[in-house]
Amino acid sequence: MPVKLKTTNNRLQNRQPSSHGFFADVYDVVRQIPRGRVTTYGAIAVFLGTALSARMVGWAMNASHEAFTEVPAHRVVNRNGMLTGKHHFKTPSLMEELLLAEDIVIIEEIVQNFKEKFWDPSVEIGM
DNA sequence: AGCCTGACTTTGT
DNA sequence: GACAAAGCCAGGC
């Protein structure tokens, strides 16, 4: 694991808190995931400074369809590279199809070459 | 205000 | 190494 942020209740100071708090913060990060890469709920949580609440990231994804700008939620998987959120898409196969269109191969609901495809916001975006 | 629920993760058995 | 348990905390009711 890369940079471990100092965990406090506070979010990073140098980030612009979006107008609508936690959800929007999550969306901002997710939108920056490059095509063909994936990241994890936990990594996003760490980046936002709420390292202990990865579940909230998933919760935010659940509401991401209401975001004004499109959120590539299919690029977010769990720490094992598993497509745990696939059942929350329109169809169970949609998430896999979207990823496959970006040259990310899924076998048995697991992202292949996950380590190479992994995109860590704490590293790529920095702080 | 209080209880329940997670698209998670870590830790202990 | 598989399985269970428990933190986490914003929303919904």
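Treat the numbers as computed from the prediction; the structure is a model and nothing was measured. A, B, ... follow the sequence lines: proteins, then strands. Residue 1 opens every chain.
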Task: Contact check, side chains of A/T69 and A/Y27, non-hydrogen atoms, under 4.5 Å - done: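 A side-chain contact is absent here, since even the closest heavy-atom pair is not under 4.5 Å.
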- [ ] Could you check whether A/A73 gets within reach of a base, just the sugar-phosphate, or nothing at all, counting any heavy atom under 4.0 Å?
- [x]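 Since a base atom lies under 4.0 Å of A/A73, the category is base.
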- [ ] Check every strand shown and say whether A/N62 touches a base, only sugar-phosphate, or nothing at a heavy-atom separation below 4.0 Å.
- [x] base
- [ ] Please check the phosphate of B/dC8 (OP1 and OP2 only) for any side-chain N or O of A/T84 closer than 4.0 Å.
- [x] yes
May I have the distance from [X] (atom [atom1]) to [N] (atom [atom2]), rounded to whole angstrom?
{"X": "A/N78", "N": "B/dG6", "atom1": "CG", "atom2": "P", "result": "17 Å"}
{"X": "A/H87", "N": "B/dA7", "atom1": "NE2", "atom2": "C1'", "result": "10 Å"}
{"X": "A/N80", "N": "C/dG1", "atom1": "CG", "atom2": "C1'", "result": "13 Å"}
{"X": "A/E109", "N": "B/dA7", "atom1": "CD", "atom2": "C1'", "result": "12 Å"}
{"X": "A/R55", "N": "C/dG11", "atom1": "CZ", "atom2": "C1'", "result": "14 Å"}
{"X": "A/L48", "N": "B/dT9", "atom1": "CG", "atom2": "P", "result": "13 Å"}
{"X": "A/F22", "N": "B/dG6", "atom1": "CZ", "atom2": "P", "result": "18 Å"}
{"X": "A/Y41", "N": "C/dA10", "atom1": "OH", "atom2": "C1'", "result": "17 Å"}

- [ ] Report the C-alpha separation of A/Y41 and A/T84 in whole Å, then their side-chain angles, then the decisive distance to 0.1 Å, and conclude whether the side-chain contact (heavy atoms from CB on, under 4.5 Å) test is met.
- [x] CA-CA 11 Å; A/Y41 304 99; A/T84 48; 3.8 Å; yes
TODO: Name the closest nucleotide to the A/M61 side chain, picking from B/dT10, C/dC8, B/dA7.
DONE: B/dA7
TODO: Answer yes when A/R31 and A/E70 have at least one side-chain N-carboxylate O distance shorter than 4.0 Å, and no when they do not.
DONE: no
Task: Any side-chain donor near an acceptor of the partner, A/H74 and A/E102, under 3.5 Å - done: yes
